There are 2 protein chains.
Amino acid sequence: MRIGDLAGKTGVAVRSLRYYEEQGLLTSVRGCGGQRQYDESAVERVDLIQLLYSAGLSSKAIRGLLPCVVSKASTPESRTALAAERERIDGQIADLVRARDKLDEIILFSGSPESGCTWVETAQV
Amino acid sequence: MRIGDLAGKTGVAVRSLRYYEEQGLLTSVRGCGGQRQYDESAVERVDLIQLLYSAGLSSKAIRGLLPCVVSKASTPESRTALAAERERIDGQIADLVRARDKLDEIILFSGSPESGCTWVETAQV
DNA sequence: ATTGCAGCTCACATCTGTGTCAGGTTTTAG
DNA sequence: CTAAAACCTGACACAGATGTGAGCTGCAAT
């Protein structure tokens, strides 16, 4: 599979795939003409990378965790890092829930005119 | 209250407070010597800003929502924006939960030697 | 009055994942 | 064989919140 195919299958830009490789998150085999070749497992790998990116992990953090997943290697350091990231994500979720609750509060308030809130027709910029 | 006091009370850097003002999120009254003066309500305001920042809202988004909160003004646009941000946060929470579940899966696997996973002593860089 | 800390503005640096352009090579279709 | 499409490297740009430094002014205590 060439890079464009992988990009198509994962929905990730070609540029990003090259960047992942540069960051050591993704490997490829180079064919005779120097073009990257990927096997099917790369799709799963890219999906995982995206998953972790979407959770706010940096490429460096992902790089640190990948050996656990891929080569199934577990070191004391990697276990610590995994736990730390898990905690961070938990905290992040808590932040988001608090923010969502706050927004809900505001929405409730601003959605009911009887709350005493001022309804106007146009945006106040 | 001067800017340093506000920074102290909120745990936000002085630089950031000036930035918030630049972005129209925070206002101050200038004393005779051009120094910013804040009243007590500024603390609450900065806390709110931080809450929204931590939920991933941009300063522009926050700027758009603040009138709803502060001057209690509700426009069709602001109600739409509020709902949109709420949805975005919901999606972000879902992403995080998925990532956390994935990490849990990995942690479970890498934490139990009988899983067939390789335990090594040093990090594989 | 002097010293020293706090504040002011302006401006440039940082970090990260991506976009984008240039200039060149490989692969593929016709 | 040729043209188009895909790929390659390298490099620069961006956005956004914050860090940092220079050079100057205000304020408080001695």
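Predicted model only: the values in this text are computed from it and were never measured. What you see below is based on every heavy atom in this structure, not just the backbone, and it leaves out hydrogens, waters and symmetry mates. So that the names make sense, note that chain A is the first sequence line, chain B the second, and so on, each numbered from 1.
- The CG-C1' distance, from Leu57(B) to dG16(D), rounds to 13 Å in whole Å.
- Using a 4.0 Å cut-off, some side-chain N or O of Ser59(B) falls inside it from OP1 or OP2 of dA17(D).
- The CG atom of Leu26(A) sits 12 Å away from the P atom of dT18(C) (whole-angstrom rounding).
- Counting to the nearest Å, the C1' atom of dT9(D) and the CG atom of Leu17(A) are 16 Å from each other.
- Here dA17(D) presents its C1' atom at 11 Å from CD of Glu22(B), a figure rounded to the nearest Å.
- The shortest distance between the side-chain N/O atoms of Ser16(B) and the OP1/OP2 oxygens of dT18(D) is below 4.0 Å.
- When the P atom of dG17(C) is taken as reference, atom OH of Tyr20(A) falls 9 Å away, rounded to whole Å.
- Scanning both residues, Ser28(B) and Glu21(B), for their nearest heavy atoms gives OG-OE1, 2.9 Å.
- Contact check on Glu85(A) versus Lys102(B) returns no salt bridge, with no Lys/Arg side-chain nitrogen under 4.0 Å from an Asp/Glu carboxylate oxygen.
- Minimum interatomic distance between Val46(A) and Leu6(A) (heavy atoms only, all atoms of both residues): CG2-CD2, 4.2 Å.
- Whole-Å rounding puts the Glu21(A) CD to dG10(D) C1' distance at 15 Å.
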Atom pairs under 3.5 Å, N or O on each side, protein against nucleotides 4-12 of chain C: can you list them with distances?
unit_1	atom_1	unit_2	atom_2	d
dG7(C)	OP1	Gly4(B)	N	2.6
dC8(C)	OP1	Arg36(B)	N	2.9
dC8(C)	OP1	Arg36(B)	NH1	2.9
dC8(C)	OP2	Arg18(B)	NE	2.9
dC8(C)	OP2	Arg18(B)	NH2	3.0
dC8(C)	OP2	Arg36(B)	NH1	3.3
dC8(C)	O5'	Arg36(B)	NH1	3.3
dT9(C)	OP1	Arg30(B)	NH1	3.3
dT9(C)	OP1	Arg30(B)	NH2	3.2
dT9(C)	OP2	Arg36(B)	NH1	3.1
dT9(C)	OP2	Arg36(B)	NH2	2.9

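- One N or O on the side chain of Arg45(B) and one on the backbone of Leu25(B) form a donor-acceptor pair closer than 3.5 Å.
- If you take OH of Tyr19(B) and C1' of dG19(D), they are 13 Å apart, rounded to a whole angstrom.
- Around the CD atom of Glu44(A), the shell of radius 6.0 Å holds no more than 12 heavy atoms that belong to other residues, nucleotides or ligands.
- Put simply, the side chain of Gln37(B) gets close to the backbone of Met1(B): a donor and an acceptor are under 3.5 Å apart.
- In this structure, Leu25(A) atom CG and dT16(C) atom C1' are separated by 12 Å, rounded to whole Å.
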